[in-house]
2 protein chains.
Amino acid sequence: MKALSIKDIALKANVSITTVSFIINGKAKEKSISDAVIKKVQQIIIDSGYKPNQIARSLRTGNSHIIGLIIEDISNSFFSRIARLIEDKAYKKGYKIIYSSTENNVEKAQDLINLFKSRNVDAYIISPIKGIEEDIQLLLNENKPVILFDRNLPELNTNYVGANHFAASYQAIESFIKQGKKNIALVTIDIDVQQIIERYEGYKKALIDYAIPVDEELVLKIPFNQPEVDTIKQIKQLFKAKKIDAVLFATNYLAISGLKVLKQINKKIDEHFAVIGYDDHEAFELHTPSVSTIQQPLEEIAETIIKLILNQLSSKTKLPDQQIIIPAKLILR
Amino acid sequence: MKALSIKDIALKANVSITTVSFIINGKAKEKSISDAVIKKVQQIIIDSGYKPNQIARSLRTGNSHIIGLIIEDISNSFFSRIARLIEDKAYKKGYKIIYSSTENNVEKAQDLINLFKSRNVDAYIISPIKGIEEDIQLLLNENKPVILFDRNLPELNTNYVGANHFAASYQAIESFIKQGKKNIALVTIDIDVQQIIERYEGYKKALIDYAIPVDEELVLKIPFNQPEVDTIKQIKQLFKAKKIDAVLFATNYLAISGLKVLKQINKKIDEHFAVIGYDDHEAFELHTPSVSTIQQPLEEIAETIIKLILNQLSSKTKLPDQQIIIPAKLILR
DNA sequence: CTGAAAGCGCTTACAG
DNA sequence: CTGAAAGCGCTTACAG
């Protein structure tokens, strides 16, 4: 059973394909098609359940009403929540989202950009990784709206929406210091992306500002994408080797691994040992005691991204690039 | 800057579009194109960075190498993990996945099916809801492979992959009973989908088999999609109103809400009060004490789905439908 | 008020 | 060994 085409409808209605097309696209009035014809054709469309072939439409018009969302890993709750929010908001404006994970793999990211490009995606929302600058530049050359989020690629001139990780991290460390902590560790990830580096910089700056010596041995950089068992081993090692009274985890999954370690070695979070996580996780609040964390305002980030995209899509001229930095909140529990 | 087309390549290589097309599609040998021409054209393609327009290809061939994945909610970790696994596995076979959430909204689900259909998606993986039977039947009429997962729609003749929720739920309750529990509650969701109903049936059957009276007041059916604060209120209410020594939560987010209640009312999980959750969640293991749960074998489910899809895609004839029920595991912690 | 025709970028049956 | 041409299902400039 083949799907109906515009030809079938034109045939049934005894009008030309052109007329049907105008009616479908709401240009009937403008093209002064008679009301009688409009009604007749619309009725036939409804009765037959005809849906225009978007592929053909897309090939012809070059756009798709689809926004491509490229993220690191959909199974990370930070991304899946953002994805869901963006999806909801875009849907209300008549745009669909298709998304896919890069797994921090340059080749896969490039593949995805090409996939989306070859599908005539109207705009791109990308949580980028180093190594895809050129590919993104190609999109920009084609005048496609591109919004980077979560991470910036400073060498590109485009839009960016992200949280202020430097300030958030600084603030977290500052709160440790004000609680009298001296041996403050940072468990972060060994990956050269801006938003991770900022967290490290904020950590260091706070220590320096408060005249606490920076001990690089208190900074644990976990290799990216390594199995969690190894991460747990390394964190356990850190906790054993050094005297630590506070620790900031730079991502939610690192914090989860850290909490598992604490459970294994039977170390409690209390007045002698403070923990702050990153990017909330249900386990944080539920944990006994509840774990403080740095929260990115997901709703606001999603809203801002969609607003930027829609503005650009509705504007015929290229809008100036915007770099929007949204404060992250330290939630003390 | 417009993208290159096959015409541009043909022009540069001084051959026909046909020849270029054959070479791109690996039919050069079969069409006995000379090695010299093949080499020349391939070099030009590489040098110019030409990528065939998939939209045009899709319009012509009717397929896309894309599999559509329709789930309830990407921000639920059960779905986001499955999505990620399916994505990985499909990617290795040269298929891309595009996914989107239905939010248990019939209209949105229909929209998505139409979206995917109009994008010539090659196959569908759907976690279905009641009310979209007809839409799925239309896909089947068009001979598109459809795999339902997580939930079945028994009235449809198609493939299904899911866990045995009846058995899993039965087993959970049985384990409570063997611990000597008598007042066993079930917190479930008020939604008419098979995999949720099965959990209820398993609960009831186990009680009956062990001659424990079924008290409907111990079964709390939470309205779907209600704000979590209300859910928490209702669970709190249940815990207060009834004497309960064990509770099975029918989904992971209900269990999370339940754990929050326990924390609020300062009730401990111990030998007097047992809890089993559903669909693992990091917070379960991390919780003090760790929370037992019914685990669906995500890896196996994803693997099975992809295998079914690929089989169907590579077979010219319609394969017999398969209903694959995978046992869920009770993880006692 | 409406239609014939070109063209979007491909694939493929057919011809030579 | 290779190419001209039809056609996938649309949109739209042009003509009447």
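Just so it is clear, the values below take in all heavy atoms, side chains as well, and ignore hydrogens, waters and symmetry mates.
Separating the NZ atom of A:Lys7 from the C1' atom of D:dG9 is a distance of 9 Å, rounded to the nearest angstrom. As rounded to whole Å, 15 Å separates atom C1' of C:dC10 from atom CG of B:Leu4. Separating the CG atom of A:Leu59 from the C1' atom of C:dG7 is a distance of 9 Å, rounded to the nearest angstrom. When rounded to the nearest whole Å, the span between CD of A:Glu30 and C1' of C:dT2 equals 15 Å. Rounded to a whole Å, the CG atom of B:Asn53 is 18 Å from the P atom of D:dC8. Counting to the nearest Å, the P atom of C:dC10 and the CD1 atom of B:Ile23 are 14 Å from each other. For the pair B:Ile55 CD1 and C:dG7 C1', the interatomic distance rounds to 16 Å; values are reported in whole Å.
With hydrogens and angles left out, the side-chain atoms of B:Asn141 and B:Gln137 include a donor and acceptor closer than 3.5 Å. Counted by atom type alone, A:Ser16 and A:Thr19 present one or more donor-acceptor pairs between their side chains at under 3.5 Å. At a cut-off of 3.5 Å, with distance as the only test, no side-chain donor of A:Ser77 or A:Ser80 sits close to an acceptor on the other residue.
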> salt bridge (Lys or Arg N to Asp or Glu O under 4.0 Å) between A:Arg84 and A:Asp88: does it pass, once the steps are laid out?
Replying inline: CA-CA 6 Å; A:Arg84 172 66 190 272; A:Asp88 286 0; 3.3 Å; yes

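For residues 118-133 of chain B, the pairs satisfying salt bridge (Lys or Arg N to Asp or Glu O under 4.0 Å) are B:Lys130-B:Asp192, with sequence neighbours left out.
Minimum heavy-atom separation, A:Ala109 to A:Thr102: CB-CG2, 3.8 Å.
The pair B:Glu299-B:Lys89 counts as a salt bridge, with a side-chain nitrogen and a carboxylate oxygen less than 4.0 angstrom apart. Under the 4.0 Å criterion applied to side-chain N and carboxylate O atoms, B:Lys96 and A:Asp111 are assigned as salt-bridge partners.
Sequence order on DNA chain D of the closest nucleotides to B:Ala56 and B:Asn14 puts B:Asn14 first from the 5' end.
Checking D:dC10, C:dA4, C:dC10 against the side-chain heavy atoms of A:Ser16 singles out C:dA4 as nearest. In this structure, the nucleotide among C:dC10, D:dG9, D:dT2 sitting nearest to the side chain of B:Ile33 is D:dT2.
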>> If a pair means Watson-Crick or G-U wobble with both distances below 3.5 Å, what does DNA chain D look like in dot-bracket form, with | marking bases paired to a different strand?
In response: |||.||||||||.|||

> What does nucleotides 11-16 of chain C look like as a protein-contact string, B for base, S for sugar-phosphate only, - for none, at under 4.0 angstrom between heavy atoms?
Replying inline: BBB---

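Note on ring orientation: taking the six-membered ring where Trp is involved, the planes of B:Phe116 and B:Tyr124 are tilted (angle from 30° to 60°).
For A:Tyr50, a side-chain nitrogen or oxygen approaches OP1 or OP2 of D:dC10 to under 4.0 Å. In terms of phosphate contacts, B:Ser58 brings no side-chain nitrogen or oxygen within less than 4.0 Å of OP1 or OP2 of C:dC10. For the OP1/OP2 pair of C:dG3 and a distance below 4.0 Å, the side-chain nitrogens and oxygens of A:Thr19 include at least one atom meeting the criterion.
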